[in-house]
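Just below is one structure, and these are the notes that go with it.
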Amino acid sequence: MSAPFPACVVRVDDEVHTLEGYQRGVPRWCTGCGDNAILAAVQRLCRDEQLAPERSVFVSGIGCSSRFPHYMNVYGFHGIHGRALPVAEGVKMARPDLHVFVSTGDGDCCSIGAAHWIHAIRYNMDITVVLHDNQVYGLTKMQVSPTSPQGLKTRTTPRGAHLEPLNPLTVTLGVSNVSFVAQAVDWIPELLHDIISLAFHHKGFSFVRVLQRCPEFMEGAFEPWVKDPSRTLLLVHKDGIELKPNLAKVYRNQEEHDPMNLHRAREIASSADPIPVGILYRNPDATRYEDVRKSERLYTADTTRAVLEKEFDKFTIWPAD
Amino acid sequence: MCDDAMSANLLDPTVSDQAVRRAADSRDESVMLDLHPAMLARYKELAKLRYDYPLVLSRGDIGGEIVQSLSGIVDSLLQQIAPDGIEGERVRKHVLALEREIRALAMAGTNGSLSRLWELAQSNLLARTDGGGRAALEDSLTRARTVLALDGEVIDCNGETPAELLKHVWDTVESDKARRFRNRVDRIILGLSEILKVDFMKSEDARKPERLKHSVGTAYENAFDFEAMSQLLGASSRKDTLPRKRRQRIDGVLTTLKSQRFFAPTLADAKHTSGAKSHSFIFESCTRALAAFEQRLPEMVELVKAITIAELELENRYRESAHDSFFDLFDQNSLRPEDVALFPSYLICMRDDGFNASERTQLIETLSSGLPIKVLLQSDDILEDLPIARGKFSFGKRASQVATTAVGLHSAFVLQASSSHLYPMRKQVVRGLQYDGPALFSVYSGACASAVHIPPYLVAAAATESRAFPAFTYDPAAGPDLASRFSIDANPQAQLAWPAYRLDYEDQEHQRISEDLNFTFADFVACDKRYSGCFAKVPRDQWHENLIPLAGLPVADSDARTDKVPYIPMVDGDNALQKLAVDDGLIGAARRCAELWRSLQELGGINSSHAQRLLAQEKELWQQQMEREVAALKARAEPEVKAPNVEQAPSAPTETSLAQPEAAAEAPTDEPYIETPRCTTCDECTQINNRMFAYDDNKQAYIADPDAGTYRQLVEAAESCQVAIIHPGKPRNPNEPNLDELIKRAEPFR
Ligand SMILES: Cc1ncc(C[n+]2csc(CCOP(=O)(O)OP(=O)(O)O)c2C)c(N)n1
Ligand code: SF4
Ligand code: SF4
């Protein structure tokens, strides 16, 4: 029932946020690291949407990618390894008015944090999640990750990774109540920005996997795809990404894909080559946990204490007279 | 008087005239006491019938059913517990008996909640039932009682009904509003308190060893050195505390929010309330309500100001440079309608007896004020003013005239209804009370002292049926035009002048007779013993073909003398049909009533004279048009074969016209450049030379100054750029060493 402010009150409120305004400190990422591109794209989104810094929060786990909140001049929570999602869900539950973002790595999300990941997809809370997938543990200097290509020699797999990599897209698309899945690559910045922007505007758990270059430990891993545009499959649709002519000219391998088509989305997601880029799936009607659990009641410290004590009293054993 | 009003134009002057005279002269009220309008005859034993009353005023959400009819409640119980079949039939019979008993109790004036009346009725029934039947009865009633989920005050239809019902709905609407207000203000108080708390946590007080110890709790207090902890925290604490002005502002707002008196103390401020009593919003006169509103205006302004400031503070959007002066000038003119709508509405319950001209003016002024003031104007008697004796009729002028005047204000919600129609119109009652502006509820209770032999419910219903007190609503929030705002749908058979009904009776030869009759204003007046002098029983042997139902008289020409004698049908104590001739004065009154009803019908879109006129015009135009067309067709039908008119088809687009001009291939340039939109912000180039390479607004690289470095740097940047978007162009300084080699290396990036 909030009565909006009188127009004259709003008019005086003309603070403008520039892109640099969202930058804090100097990133410690290696030169050439794809995380820089993701940071730039996210900052562009914040600037375009004029997100109030005090209403935005970035939550992360542990990893190179998880240093992301340090470089955003908004609220942040650099959490513990694998636990970015539950922390973010807690923030959203307590403060539904905040824009909640999660930055997580393939180790952070798909390895130690996998259980939280699955349930966060199903809970479908309104959070924008960017998975920085460099296919390796970067921060701890090159251990195998669940998404590492088979045969990749790392410090933990000197004879090469034994198994086929886990596909974060098919996993996400396989969880019930999934509502938004997209893939971007750090080397096409325009699409990276557009896709993250669509993810932000989706009300629900929006999951964007970004293939991220790690020149330090995975040099040249994505080179063939960077060099050859025909090995990228651009998913275009009026409800998804619409290509500008300059990109359409370079990336001619395109598919008209309706983001409501889950079946086709799963097929596309299974392809490792060409790399699909765009919105794979979007269902704005999926149930959001925070909506079904919304309570009109306001819990202050006092009321919470009163409710708890009442519950505890049920189990109190009174000494016999 | 009545006698000279009924005279010459009776069908058989001698007899009827005598009959009328006899009745008029005797002023024998007992003649009427024994008679019921024929239509009402079947409702004589009202307590045994199932109808809307009594009502149950149940607590609940404003969106739910807060006014329910006992019959409705019982029906839904039976649906749950009485399946088809013998067993179900037994339960049904028992529960319906209970319903009847509750209804009788309510009619006899027993007050209380449904659960109380249920208990009373149950024990009455059980006491009257013996032996074997008792157990079965008890079983049925217990079953029904266990599925009965709701409770609430039971009210019958009487003089108190309109106020009771309105107060109940108003209460529910207002508690809903209060709940929303509390929710909003609680959140504000909590948010502001948190801002203050964060500030406190940065203070030295918050870091005192004692406090730290307290916050850890007793279980682990020995595990810590709180002195050391305090020092550690002191060293790393932030020094940016709230500016003094902001703190004062927040404190001020909190005080205002916590001491407001429009709503009961909220959850978050219950501990802090000043103890001042909340305002009351129920009044008995417009003058008092308006005065209270006026008096509270400064408090309202303060509260709205506090909420606005608080919400700006919470969103971190308060800018002293601009907002300070805005709020310094904040006064009652700054209140917007949506601000006023936050506050409780005022409820005024008044009766129209002794309603004088100045009160009337007050009321109209109140209703045109735009303020959220809800007025119940109750009439118990709409025939009091019927000055038949003075030869001039203006019935029901008090309440209904106010209601139609209020419709003309366009900004007030207006509902007119008899008590009998409040239940079917309950949704509209809610709408009126929820409406942000003023509302008038003009209600006729039917509890008229001079109609004692008929229950108020029937009198009220008869007032609506007879168009003496038509039901209508005018809802300014329902749309822009009259069609969406004004409705007379709640009236029975609203299309007709008088509602029609079928009367079945046996004549003296025990022949079944069915007659289609209408319920007119005169039938309603016949319920009122004060006007018994306007009717004269026509002896059965005078029932002649010129004795016609009143409704059969032409409505318009009140002066035209006809040879017809209008009558209304009534039923006497022996259930025999009687026909009563109606005197001229009352006929005139009935005609005026019909005229008013006609104008309401027009407002409500029925038989609109404008529309009918327009329709006739259109019809004529259409007819003429058709005739012309038919004539033209006939003319064309003459055999005259013309060559088909072959026009040049528009030429199909040719290949060349569609071809897009091919984009000119980008010619290699001598200037160095970057394909900026494709830059991935990887820092490679900027690390080589951050004056030559810089980031633009989107944090993507461009060549800021090609002369800020060497050609070598340009080439190296091109080589390290992983997306290969840096193009070094031609060397700018011909004297740079090793140019030949560099030009060669630059070749792939042309
Ligand atoms: C509970 C726990 N286990 C292990 C670690 C060690 N650790 C730190 S980062 C990391 C993996 C990071 O990989 P990823 O999430 O892919 O991030 P990247 O550095 O590649 O961006 C691991 C295993 C830790 N910090 N905490
Ligand atoms: S190690 Fe890899 S992921 Fe980490 S900062 Fe360096 S390039 Fe980026
Ligand atoms: S090296 Fe290339 S991608 Fe990297 S910042 Fe410079 S222009 Fe951009």
Side-chain angles (χ1 to χ4, degrees), chain A residues 1-6 8-15 18-20 23 27 29-41 43-44 47-48 52-55 97 185-190 192-193 213 215 220 222-223 226-227 244-247 249-250 296-303, chain B residues 177 179-184 186-187 189-190 193 266-268 270-271 304 307-309 311-312 314-319 321-323 325-327 330 334-339 341-342 663 675-688 695-700 720-724:
Chain A
M1 77 155 177
S2 113
F5 305 116
C8 40
V9 176
V10 176
R11 234 183 304 121
V12 301
D13 186 30
D14 50 4
E15 204 172 0
T18 60
L19 191 141
E20 298 84 70
Q23 174 70 43
W29 292 313
C30 308
T31 313
C33 174
D35 288 341
N36 290 298
I38 301 176
L39 182 67
Q43 288 176 341
R44 241 178 101 183
R47 190 261 328 265
D48 295 350
E54 69 277 10
R55 307 225 140 216
D97 57 317
V185 292
D186 82 53
W187 57 89
I188 314 180
E190 198 169 311
L192 177 65
H193 166 266
R213 289 165 304 159
F222 291 113
E223 210 54 21
V226 175
K227 291 264 154 72
K244 297 213 186 74
N246 61 336
L247 272 180
K249 234 165 53 188
V250 181
E296 269 256 306
R297 260 174 92 174
L298 178 69
Y299 286 99
T300 62
D302 288 344
T303 47
Chain B
K177 197 187 274 177
R179 192 180 44 75
R180 281 179 288 142
F181 176 88
R182 270 189 216 124
N183 212 306
R184 181 171 177 186
D186 276 348
R187 268 161 225 277
I189 292 179
L190 195 69
S193 310
T266 64
L267 181 73
K271 275 197 295 200
V304 169
I307 291 178
T308 317
I309 293 180
E311 287 179 344
L312 282 171
L314 287 176
E315 290 200 11
N316 196 21
R317 285 167 60 197
Y318 195 99
R319 304 282 170 271
S321 56
H323 289 136
S325 56
F326 174 79
F327 286 110
F330 199 90
S334 317
L335 294 183
R336 301 161 305 155
E338 51 269 50
D339 296 326
L342 293 177
E675 295 168 58
T676 302
R678 291 182 55 205
C679 166
T680 67
T681 326
C682 77
D683 285 355
E684 292 276 9
C685 58
T686 54
Q687 294 224 337
I688 290 172
Y695 286 133
D696 69 359
D697 284 353
N698 286 336
K699 224 178 171 183
Q700 289 178 304
S720 46
C721 175
Q722 295 179 54
V723 281

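Chain A is the first sequence line, chain B the second, and so forth, proteins listed ahead of strands; every chain is numbered from 1. The basis for the numbers below is simple: all heavy atoms, side chains too, and nothing from hydrogens, waters or symmetry mates.
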### Task
Sort A:P27 into side chain, backbone, both or neither according to what part of it lies under 4.5 angstrom from a heavy atom of chain B.
neither
### Query
Where on B:C721 is there a heavy atom nearer than 4.5 Å to chain A: the side chain, the backbone, both, or neither?
neither
### Query
CD of B:Q722 to CD of A:E223: how many Å apart, nearest 0.5 Å?
6.5 Å
### Partners meeting side chain to side chain donor-acceptor pair (under 3.5 Å) with B:R179 (sequence neighbours left out)
A:E296, B:D176
### Query
Relative to chain A, which segment of B:Q687 carries a heavy atom at a distance below 4.5 Å: side chain, backbone, both, or neither?
side chain
#### Entry: Flag side-chain contact, heavy atom, 4.5 Å: B:D697 against A:R47
yes
### Query
Quick one: does A:E190's side chain get under 4.5 Å of B:N698's, heavy atoms only?
no
### Query
Roughly how far, to the nearest 0.5 Å, is the OG1 atom of B:T680 from the CD1 atom of A:I38?
10.5 Å
#### Entry: Nearest atoms (heavy-atom pairs only) where B:C679 meets A:P189
O-CG, 3.1 Å
### Query
Given that the side chain runs from C-beta out, which part of A:A40 has a heavy atom under 4.5 Å from chain B: side chain, backbone, both or neither?
both
### Minimum side-chain heavy-atom gap B:K699-A:L19 below 4.5 Å
yes
### Query
In terms of heavy-atom proximity below 4.5 Å to chain A, should B:L335 be classed as side chain, backbone, both, or neither?
neither
### Message
I'd like to verify something: which residue of B:T686, B:T681, B:N183 has the highest number of heavy-atom pairs under 4.5 Å with chain A?
### Response
B:T681
### Summary
Assert top hit (heavy-atom pairs under 4.5 Å, partner chain B, pool A:H193, A:R213, A:Q43) equals A:R213
